[in-house]
Visitor: 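Here it is: the structure, laid out below.
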Amino acid sequence: MDVLAGTTERFLAATAPEHTATQAEMAALADDSGFPIIGPEAGAVLRLLARLTDAGRVFEFGSGFGYSATWFLRGGADAVICTEFDEEEAKRGVQFAADGGYADSVAFEVGDAMEAIERYDGPFDIVLIDHQKERYADAYRTVLPKVRTGGVIVADNITRGPSDLDDLVAHFEDGAPLPDPEVDGKTRGIGEYVGTVRSDDAVETALLSVGSGLAVSTKVV
Ligand SMILES: C[S@@+](CC[C@H](N)C(=O)[O-])C[C@H]1O[C@@H](n2cnc3c(N)ncnc32)[C@H](O)[C@@H]1O
């Protein structure tokens, strides 16, 4: 935990669920290599959502070595389709799944998540969007028809990560324009995502300031 973290963040970190042995290994690898996993505080939300939706199938845009997937499985999900550009990360994910005894419940698609989703029919119970921030809104529009009514779409890095929160506040409070794509495409991508889900009657959305910030949307039509 960051020594400069606020009291609320320290409280959430101290009360987050314990890692399993495999998750602890993954978290250690993430620490050592600076890889951005979702962390146990947000992981607890993924686990809860899987439990509340009685999740069968989950699809992830951007899985790394499969840490976030383990939280869906801990919440009772039957199967998680993981997608990852980086072949080495995906290989680590396959190895972790074998070591952790859940290889039958995860599939790794190596390559562009936006292409992988085209190869899958719905329905999905939960979708996690955690890949390129510039493509969050596209991922949402592509996957929404494949999410069942009552299913959930979660997007990570809404309040922390590569985007500029001050710019997002200025946009949503005062209508300031989002940054140009060439200047700061990540902040623009997060702003467009939040704007898209807020204005879409097909979903109801809550932003949670946990971990790096989650946008949790449930499909209501
Ligand atoms: C934030 S990390 C994912 C972390 C993971 N969800 C977790 O919490 O354990 C984002 C990952 O998405 C991958 N990625 C980015 N864009 C992608 C794309 N279009 N298709 C597949 N993978 C992508 C990156 O290589 C990176 O490993």
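Hydrogens, waters and symmetry mates play no part in the numbers below; they use all other heavy atoms, side chains included. Atoms within a ligand are numbered from 1 in the order they appear, just like the ligands themselves. Predicted, not measured: the structure shown is a model, and the values here were computed from it.
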Visitor: Closer than 4.0 angstrom, basic N to acidic O: yes or no for D125 and R148?
Guide: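 Looking at R148 together with D125, the answer is yes, because their closest N to O distance falls below 4.0 Å.
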
Visitor: Around atom 12 (O) of ligand 1, find the nearest protein heavy atom and jot down its residue, atom name and distance.
Guide: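 Looking only at protein heavy atoms, the one closest to atom 12 (O) of ligand 1 is G62 CA, 3.3 Å.
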
Visitor: Can you report which non-hydrogen protein atom sits closest to atom 22 (N) of ligand 1, along with the distance?
Guide: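 Ranking protein heavy atoms by distance from atom 22 (N) of ligand 1, first comes F85 N, 3.0 Å.
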
Visitor: A side-chain contact here means heavy atoms from C-beta on lying under 4.5 Å apart; do V127 and K146 qualify?
Guide: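 When only atoms from C-beta onward are counted, K146 and V127 do not touch, as no gap falls below 4.5 Å.
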
Visitor: What atoms of ligand 1 come closer than 4.0 angstrom to any heavy atom of Y67?
Guide: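 Once the distances to Y67 are compared, the set is 9 (O).
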
Visitor: Nearest to atom 27 (O) of ligand 1, what protein heavy atom do you find, and at what distance?
Guide: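 Going by distance alone, atom 27 (O) of ligand 1 is nearest to E84 OE1, 2.8 Å.
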
Visitor: Looking at E9 and R160, does any basic side-chain N land under 4.0 Å from a carboxylate oxygen?
Guide: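 So E9 pairs with R160 through a salt bridge.
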
Visitor: Less than 4.5 Å apart, side chain to side chain, heavy atoms only: is that true for V106 and L73?
Guide: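 They are in side-chain contact.
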
Visitor: Is it the case that more than 12 heavy atoms not belonging to F11 sit under 6.0 Å from its CZ atom?
Guide: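 Open: at most 12 neighbouring heavy atoms sit under 6.0 Å from CZ of F11.
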
Visitor: Tell me the protein heavy atom at minimum distance from atom 9 (O) of ligand 1, and give that distance in Å.
Guide: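 Going by distance alone, atom 9 (O) of ligand 1 is nearest to S68 N, 3.1 Å.
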
Visitor: Please state which part of S63 comes within less than 4.0 Å of ligand 1, counting heavy atoms only: side chain, backbone, both or neither.
Guide: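 Backbone only.
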
Visitor: Mark up the atoms of ligand 1 that fall under 4.0 Å of a heavy atom belonging to F35, in ascending order.
Guide: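 Under 4.0 Å from F35, ligand 1 has these atoms: 2 (S), 4 (C), 27 (O).
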
Visitor: Pull out every atom of ligand 1 sitting under 4.0 Å from any heavy atom of D112, numbered as shown with elements.
Guide: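 Taking each heavy atom of D112 in turn, ligand 1 has 18 (C), 19 (N), 20 (N) under 4.0 Å.
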
Visitor: Where's the contact between M114 and ligand 1, heavy-atom distance under 4.0 Å: side chain, backbone, both or neither?
Guide: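 Answer for M114: neither.
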
Visitor: Find all atoms of ligand 1 within a distance of less than 4.0 Å from any non-hydrogen atom belonging to G111, and give their numbers and elements.
Guide: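 Counting atoms of ligand 1 from 1, those under 4.0 Å from G111 are 20 (N), 21 (C).
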
Visitor: Applying a heavy-atom cut-off of 4.0 Å, say which part of F61 lies close to ligand 1: side chain, backbone, both or neither.
Guide: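 It is neither part, as no heavy atom is under 4.0 Å.
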
Visitor: State plainly whether the residues R198 and D201 are in salt-bridge range, i.e. N to O under 4.0 Å.
Guide: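 Looking at D201 together with R198, the answer is no, because their closest N to O distance does not fall below 4.0 Å.
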
Visitor: For ligand 1, which atoms, with element, lie under 4.0 Å from some heavy atom of G64?
Guide: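 What qualifies from ligand 1 is 27 (O).
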
Visitor: Return yes if some donor-acceptor pair links the side-chain N/O of H171 with the main-chain N/O of A176 below 3.5 Å, else return no.
Guide: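 Yes; at least one donor-acceptor contact below 3.5 Å.
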
Visitor: Return the residue, atom name and 0.1 Å-rounded distance of the protein heavy atom closest to atom 20 (N) of ligand 1.
Guide: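 Checking every protein heavy atom, the shortest distance to atom 20 (N) of ligand 1 gives A113 N, 2.8 Å.
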
Visitor: Numbering the atoms of ligand 1 from 1, which are under 4.0 Å from a heavy atom of P36?
Guide: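 Listed by number with element, the hits are 1 (C), 2 (S), 4 (C).
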
Visitor: Considering only protein heavy atoms, which is closest to atom 4 (C) of ligand 1, and at what distance to one decimal place?
Guide: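 For atom 4 (C) of ligand 1, the nearest protein heavy atom is D130 OD2, 3.4 Å.
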
Visitor: Go through ligand 1 atom by atom and flag the ones less than 4.0 Å from a non-hydrogen atom of R135.
Guide: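 Once the distances to R135 are compared, the set is 19 (N).
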
Visitor: Does the side chain of H131 come within less than 4.5 Å of T83's, by heavy atoms?
Guide: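 They are not in contact (no side-chain heavy atoms under 4.5 Å apart), so the answer is no.
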
Visitor: Just distances here: any N/O of Q132 and N/O of ligand 1 closer than 3.5 Å?
Guide: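 Q132 vs ligand 1: N/O contact under 3.5 Å present.
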
Visitor: Is the closest basic N to carboxylate O distance between E115 and R119 below 4.0 Å?
Guide: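 Result for this pair is no, no salt bridge flagged.
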
Visitor: If you count the non-hydrogen atoms of other residues, nucleotides and ligands that lie under 6.0 Å from CD in E182, is the total more than 12?
Guide: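 Counting other residues, nucleotides and ligands, CD of E182 exceeds 12 neighbours.
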
Visitor: Could you please spell out the steps behind the side chain to side chain donor-acceptor pair (under 3.5 Å) verdict for T205 and S217?
Guide: CA-CA 4 Å; T205 299; S217 306; 2.8 Å; yes

Visitor: Could you identify the single nearest non-hydrogen protein atom to atom 8 (O) of ligand 1 and state the distance to 0.1 Å?
Guide: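 Scanning the protein heavy atoms, the shortest distance from atom 8 (O) of ligand 1 goes to I38 N, 2.9 Å.
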
